[in-house]
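Take a look at the structure set out below.
Quick note: numbers below take in every heavy atom, side chains included, and nothing from hydrogens, waters or symmetry partners. Just so we're clear, the structure is a prediction, and the values are computed from it rather than from any experiment. Lettering follows sequence order; numbering is per chain, from 1.
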Amino acid sequence: MYHILEKTIQAAFRAKVRSQFQSDLDIAIEQPRQASFGDLALPIAFQLARALKQNPKKIAADLVEAVGPIPGVAAMEIAGNGYINVRFDRGLFGASLLGVPAPAIAAGDEKIIVEHTNINPNKAAHIGHLRNAVLGDTFVRMLRAAGNRVEVQNYIDNTGVQVADVVVGFHFLEHKTPADVAALIASERFDYLCWDLYARTSQYYKDNPEALKWRAETLHSIEAGTGDLSELGHLVADAIVKAHLKTMLRLNIEYDVLPRESEILHLKFWAAAFELLKERQAIYFETEGKNSGCWVMPSSAFRGTDEANEDSKVIVRSNGTVTYVGKDIAYQLWKFGLLGKDFHYEPHTTYADGHQVWVSTAEPQTLAAPKFGGGSTVYNVIDTRQSYLQDVVVAGLKALGYEKQAEQSIHFSYEMVALSPRCCADLGIELSEEDARRPYVEVSGRKGLGVKADDLMDQLIETALREVASRHAEDTEAQQRTIATEIAMGALRYFLLKFTRNTVIAFDFQEALSFEGETGPYVQYAAVRARNILRKLTERGEQVPDFSKELNAEAMARELGSEDSWQILLAASKVESAVERAIASGEPAHVARYAFQLAQTFNNFYHQYPILIEPDRAKKVFLLWMTSFFAQQLERTLAVLGIAAPAYM
RNA sequence: GGGCGCGUAGCUCAGUUGGAUAGAGCAUCAGCCUUCUAAGCUGAGGGUCGCAGGUUCGAGUCCUGCCGCGCCUACCA
């Protein structure tokens, strides 16, 4: 309702501003500094004052006069130097909230693609990967809540250097056959085993640089798709992808399709993209300098105009193999449906609710898969450290003449998760003198330095379980564990979401393991309390009233005449606005913050109004309605954040 | 050297795209469990928004220059 009013007011003012002042200014909507000023504020008169060289106060007055009455709006006042403060019709507002929430308006049949997770399939996931997946997954939930059609892709780089290095470890360092590795996959914690092996192999290269020839040999074999090394590569990558999907599922993160790099190669996606790039002269063959013999993209394509000593970017190496960026350009073209090629697919994993993940294959399959790719907007959730490479990919689209798609190709970047000095101490990591002076230490897969995702989740669950067990000793351990898991995952998702995207998270166990203050469990607790009141009511033999029968605009107006009740309700009815703003700013953190404020408001309400013992029947019905409205709004917001609302806490 | 980002309370961070009196959480201190769960609530103290200029009715937010920190700047991803 708040959302609809906002839109109505915006539209009314936009129309008048256009007809009266010939201006296409965006109608900004703010929250007044003080609640007593009104429910909404429009600073539009200030913006117009500049262009018109007129007194903002007069402009505001003229506008309000011209716009006239708006349904749902009780009053508009001019305040300060020219603010237009809007007051809603409280009775109408409350009454309109009595039904079930209207489903989001479908935003046409255009498809938005969100690519996230994209972890190299050669070792266990760590906390940095979790930030990527949780940001991506939450953004997907936000877009879907706003009525968009969204496809979730998780790109699998199963032919890259990192997989090759683990294969080198198994084959050359440990002399394992594919059968040996298959046995390990069946019997061991394989992703953890690879975590250590990858670090060991990296160290081995450092000590024995000549061993790098093994990497080259392995990469060659994987690319050709033949021999033991290639078989090992597939074994490792497939097993690790399964492990990653399992890890992410613990956080309620699911995917629609897994496009794999092996198919980008075998189905000649790159060959097609290469032809396009050459034909439209987006790249050229370098004949001199250090990049001699390579196909390169000139730096002018992806950098500003001053190309003083900037290097061009190698797309095809002098040995004829394509770099990651080249493959990514081909992949990006496919995402927009511009490549003229498609993958084949087979089922990969089926989630509990029947949702099917598909994986790309090189061969045609009998089972019909949905149509993937061909999006109108593409969000690539990728670490900010890869900004340079992402710029090159977008420049590739532009150089091919796909201006519009280049614009709709969005690098949804985020800063890294690093380790706080205290965290390093907790993990028993010894820091160099140089590192010890830094505010945080970068995670490194090569060094095996980091916090594994599953370890962190296990630790969170154990911490939550102790708390749940002490509060609900009467429950079975299985029940306690279910609740503890929901709380732990809520805490983790919230922790990763509460920071805005370009803030470096210096990971710290003490902060991450906290369940108090601005945390996921705080929000969950509020939702549980709201449900508890309604449950207690029926336990006492009373019935939850039929609110739409017992409350009407008149009753609402009476109850909401209290400034306090009105402010509480107003705060609770802004879920859609909060989600929409967060989408516009690209910040899932804004939804997290709204969830926290919502919970805070409810806790205030909870302490201020004893509900079950309220003697006045009419008042009690209203308070119960507020409670159920809060429960609904809290659960909806938690759902957008991918956080469960536990049955009890 | 160049590119991108950051600098706001003791600590960790928000700040609705330039608006009304700069906000949260943690920590500290003082209160609140015989009332719907205290993973909660109420209150207090705590600020030269890195520094210096500029733009204007108005700047934490925009522009310039400094200072400090981080990341990127591979024929790795």
Side-chain angles (χ1 to χ4, degrees), chain A residues 26 28-34 37 41 43 46-47 49-50 56 79-83 118 120 157 160-162 165 215 290-291 293-296 303-304 306 308-311 313-319 321 323-325 327-328 382-389 391 413 415-416 418 420 438-440 442 446 464 467-468 471 487 491 498-500 502-506 508 510-511 514-519 521-522 524-526 528-530 532-537 540 577-578 581-582 584-585 587 589-590 593 596-597 600 603-604 606-614 623 627 648-649:
Chain A
D26 243 15
I29 288 194
E30 292 172 2
Q31 266 190 77
R33 178 127 214 96
Q34 279 178 38
F37 291 164
F46 295 112
Q47 291 160 268
R50 172 166 312 209
N81 301 323
Y83 274 100
N118 306 2
N120 270 304
D157 182 5
V161 175
Q162 295 213 16
D165 284 347
R215 176 195 273 176
K290 62 172 188 165
N291 292 334
C294 299
W295 285 89
V296 302
R303 283 277 164 88
D306 56 322
N309 52 358
E310 310 251 347
D311 284 337
K313 175 66 195 168
V314 172
I315 306 296
V316 180
R317 304 183 184 101
S318 53
N319 67 5
T321 59
T323 60
Y324 167 79
V325 179
K327 285 179 274 195
D328 208 12
I382 304 177
D383 194 326
T384 187
R385 286 171 290 191
Q386 295 195 41
S387 295
Y388 164 71
L389 296 178
D391 287 349
S413 70
E415 267 290 355
M416 62 181 165
S420 72
R438 295 173 195 271
Y440 45 77
E442 202 172 345
R446 285 185 187 284
E467 196 67 34
V468 173
R471 288 160 191 253
I487 294 168
K498 71 195 265 193
F499 301 93
T500 49
N502 51 13
T503 297
V504 177
I505 300 180
D508 187 290
Q510 196 171 310
E511 271 180 64
S514 165
F515 297 152
E516 289 165 21
E518 197 192 337
T519 65
Y522 177 94
Q524 290 174 313
Y525 191 62
V528 166
R529 282 176 141 182
N532 262 352
I533 294 175
L534 300 171
R535 189 171 47 78
K536 273 274 160 65
L537 183 80
R540 292 179 173 206
S577 289
R581 275 178 211 272
S585 62
E587 286 289 5
H590 294 343
R593 185 155 282 265
F596 176 64
Q597 285 167 349
Q600 256 185 335
N603 277 331
N604 273 313
Y606 180 92
H607 279 272
Q608 207 172 329
Y609 299 95
I611 297 164
L612 295 180
I613 56 165
E614 170 61 47
L623 291 175
T627 305
Y648 63 82
M649 277 179 80

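An OP1 or OP2 oxygen of B:rU12 is reached within less than 4.0 angstrom by no side-chain nitrogen or oxygen of A:K498. Using a 4.0 Å cut-off, no side-chain N or O of A:Y648 falls inside it from OP1 or OP2 of B:rA39. Using a 4.0 Å cut-off, some side-chain N or O of A:N291 falls inside it from OP1 or OP2 of B:rC75. A:R529 has a side-chain polar atom (N or O) that falls below the 4.0 Å cut-off from OP1 or OP2 of B:rA38. Side-chain N/O atoms of A:H607 include none lying less than 4.0 angstrom from OP1 or OP2 on B:rU35. Between A:R471 and B:rA39 there is a side-chain polar atom (N or O) within less than 4.0 angstrom of OP1 or OP2. Regarding contacts with the backbone of B:rG23, a side-chain N or O of A:R33 is found under 4.0 angstrom from either OP1 or OP2.
The glycosidic torsion of B:rC33 lies within 90° of 0, placing the base in the syn range.
Nearest-nucleotide positions on RNA chain B place A:F46 closer to the 5' end than the other of A:Q608 and A:F46. The nearest heavy atom of RNA chain B to A:S514 and to A:A79 marks one nucleotide each, and the one closer to the 5' end goes with A:A79.
Residue A:L389 is classed as a base contact, given a heavy-atom separation below 4.0 Å to a base. Counting any heavy atom pair closer than 4.0 Å across all strands shown, A:N120 reaches sugar-phosphate atoms only and no base atom. Among the heavy atoms of the strands, none lies under 4.0 Å from A:L534.
Salt bridge annotation for A:R581-A:E587: absent, with no cationic side-chain nitrogen under 4.0 angstrom from a carboxylate oxygen.
Between A:Q31 atom CD and B:rU16 atom P the separation is 12 Å, expressed in whole Å. When the C1' atom of B:rG25 is taken as reference, atom CD of A:E511 falls 10 Å away, rounded to whole Å. Put simply, CG on A:N502 is 13 Å from C1' on B:rG15, counting in whole angstrom units. Taking atom CD of residue A:Q600 and atom P of nucleotide B:rC26, one finds them 9 Å apart after rounding to whole Å.
The ring of A:Y388 does not lie on top of the base of B:rG3; it is either too far (5.5 Å or more) or too tilted (30° or more).
By the 4.5 Å heavy-atom criterion applied to side chains, A:I611 and A:T627 are counted as neighbours. At least one side-chain heavy atom of A:Y440 sits under 4.5 Å from a side-chain heavy atom of A:M416.
Here the closest non-hydrogen pair linking A:K313 and A:Y388 is CD-OH, 3.5 Å.
Under 3.5 Å, the side chain of A:R593 and the base of B:rA24 form no donor-acceptor pair of N or O atoms. You won't find any donor-acceptor pair under 3.5 Å spanning the side chain of A:T503 and the base of B:rC13, going by distance alone.
Atom CD of A:Q510 sits in a sparse spot, with 12 or fewer heavy atoms from other residues, nucleotides or ligands closer than 6.0 Å.
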